[in-house]
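So you know, we letter chains A, B, ... as the sequences are listed, proteins then strands, and number each from 1. Atom set for the values below is all heavy atoms of this structure, side chains included, hydrogens, waters and symmetry mates excluded.
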Protein chains: 2
Amino acid sequence: MKKIDILKKLRSSRLRPTKQRVEIAKFLFEREKTFHFTVESLNKLLIKKSNSKIALATIYNTVHAFKASGHLSEVEVRGNKTYFDTNVSNHHHFYDSETSELIDIDANDIVIQKIPKAPNGKKIKNVEVFINLKK
Amino acid sequence: MKKIDILKKLRSSRLRPTKQRVEIAKFLFEREKTFHFTVESLNKLLIKKSNSKIALATIYNTVHAFKASGHLSEVEVRGNKTYFDTNVSNHHHFYDSETSELIDIDANDIVIQKIPKAPNGKKIKNVEVFINLKK
DNA sequence: TTTTCACTTTAGAATAATTATAAACTAACT
DNA sequence: AGTTAGTTTATAATTATTCTAAAGTGAAAA
Ligand SMILES: [Mn+2]
Ligand SMILES: [Mn+2]
Ligand SMILES: [Zn+2]
Ligand SMILES: [Zn+2]
């Protein structure tokens, strides 16, 4: 994904392409593979990469704005921090609690044969599978 | 589960049956159905039930001690609070994010037909399925 | 282009959940 | 009963996140 696409992505979501948003978006989206991160880890990586310092509140704001626009998804894993995911398609995860590492599983690589029906008055929104790992 | 069993349960885990632990254990384990809770919700329910006040730190201590002893499990759901579960067997959950409500799904009620193999050097510890609900 | 202004960034304060501390208490062993 | 390691408690500290309000800026209007 090139810079022009980053700008399109921001504009299409009515997010002004500010210096900070462009920098964060380039860091998050100009890569081949899925990227899983916490706000804190993203902050550290951004500091390491570009010696400019973006306020932590801005990183929170931006990540939430990207999530609201559908450019990021949130993944719930055991622990105290919130994880985000550049893969916004329907998919599943391996989770290694020792390293706090998430690994994508393509939706097609898990087939569920039997599933209970939703409780009365409720519908199934989606099904998330976590495969917890050990050594 | 009667009081004598509560005392056995505590003693078998080398947890001294203090007044606070017995009160919390009775509240959690003397019931037929699974109980899902957060420390905060448990605290409120305990205050309502018995007008005695157990310090919040004690509730944290006790819940963690029960978890360490295998009497409670922890369930990770989207959100900022940690949920605990009196059902410590292998099972799955419905999750209603609007009401923050968890509902048990028996392990046998979900059958997975196809599953990817674990990444190199790692093994599968367990598989958790979350069925997210909507209205 | 300048002007304008809603949107954005930022430092710092505030909040919320959880954990740590250390003094007082107590279950259980001798 | 006396001892002591384990426990409770009030309170402080920590951590993650959100709020606030002032200063800055992108982009539309003039
Ligand atoms: Mn979490
Ligand atoms: Mn959580
Ligand atoms: Zn992912
Ligand atoms: Zn459960």
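- A donor-acceptor contact closer than 3.5 angstrom links the side chains of B/Asp104 and B/His36.
- Look at CG on A/Leu10: it is 10 Å from P on D/dA27, rounded to the nearest Å.
- In terms of phosphate contacts, A/Tyr60 brings no side-chain nitrogen or oxygen within less than 4.0 Å of OP1 or OP2 of D/dT18.
- When the nearest nucleotides of DNA chain C are assigned to B/Leu15 and A/Ala55 by heavy-atom distance, the more 5′-ward of the two goes with A/Ala55.
- The phosphate of D/dA10 (OP1 or OP2) has a side-chain N or O of B/Lys53 nearer than 4.0 angstrom.
- Side chain to side chain, B/Glu23 and B/Ser50 meet the donor-acceptor criterion of an N or O pair below 3.5 Å.
- One interatomic measurement links the two molecules: CG of A/Leu56 to C1' of C/dT9, which rounds to 13 Å at whole-angstrom precision.
- Using a 4.0 Å heavy-atom cutoff across all strands shown, B/Thr18 reaches sugar-phosphate atoms only and no base atom.
- Using a 30° and 60° split on the angle between ring planes, B/Phe37 and B/Phe35 fall in the parallel class, below 30°.
- Put simply, CD1 on B/Ile24 is 8 Å from P on D/dT8, counting in whole angstrom units.
- Residue A/Arg16 has its side chain nearest to D/dG26 when only D/dT9, D/dT8, D/dG26 are considered.
- Closest approach to the A/Asn61 side chain among C/dT10, C/dA20, D/dT17 is made by C/dT10 (side chain taken as heavy atoms from C-beta onward).
- Comparing D/dA16, D/dT9, C/dT18 against the side chain of B/Thr82 picks out C/dT18 as the nearest.
- Between the CZ atom of B/Arg21 and the P atom of C/dT26 there is a distance of 14 Å, rounded to whole Å.
- Ranking C/dT8, C/dT10, D/dT15 by closeness to the A/Gln20 side chain, first place goes to C/dT10.
- Between B/Phe29 and B/Phe66, the two ring planes are tilted [angle within 30° to 60°].
- Remark: C1' of C/dT19 and CD1 of B/Ile59 are 15 Å apart, rounded to the nearest angstrom.
- In this structure, NZ of A/Lys19 is placed 19 Å from P of D/dA23, rounded to the nearest angstrom.
- When all heavy atoms of A/Ser69 and A/Leu15 are compared, the closest pair comes out as OG-CD1, 3.7 Å.
- For A/His64, a side-chain nitrogen or oxygen approaches OP1 or OP2 of D/dT18 to under 4.0 Å.
- Summarising the geometry, the separation between CD1 on B/Ile54 and C1' on D/dT7 is reported as 13 Å, rounded to the nearest angstrom.
- Considering only side-chain atoms of B/Pro17, the nucleotide from D/dT9, C/dT8, C/dA27 that sits closest is C/dA27.
- Atom CD of A/Glu40 is separated from atom C1' of D/dT15 by 9 Å (rounded to the nearest Å).
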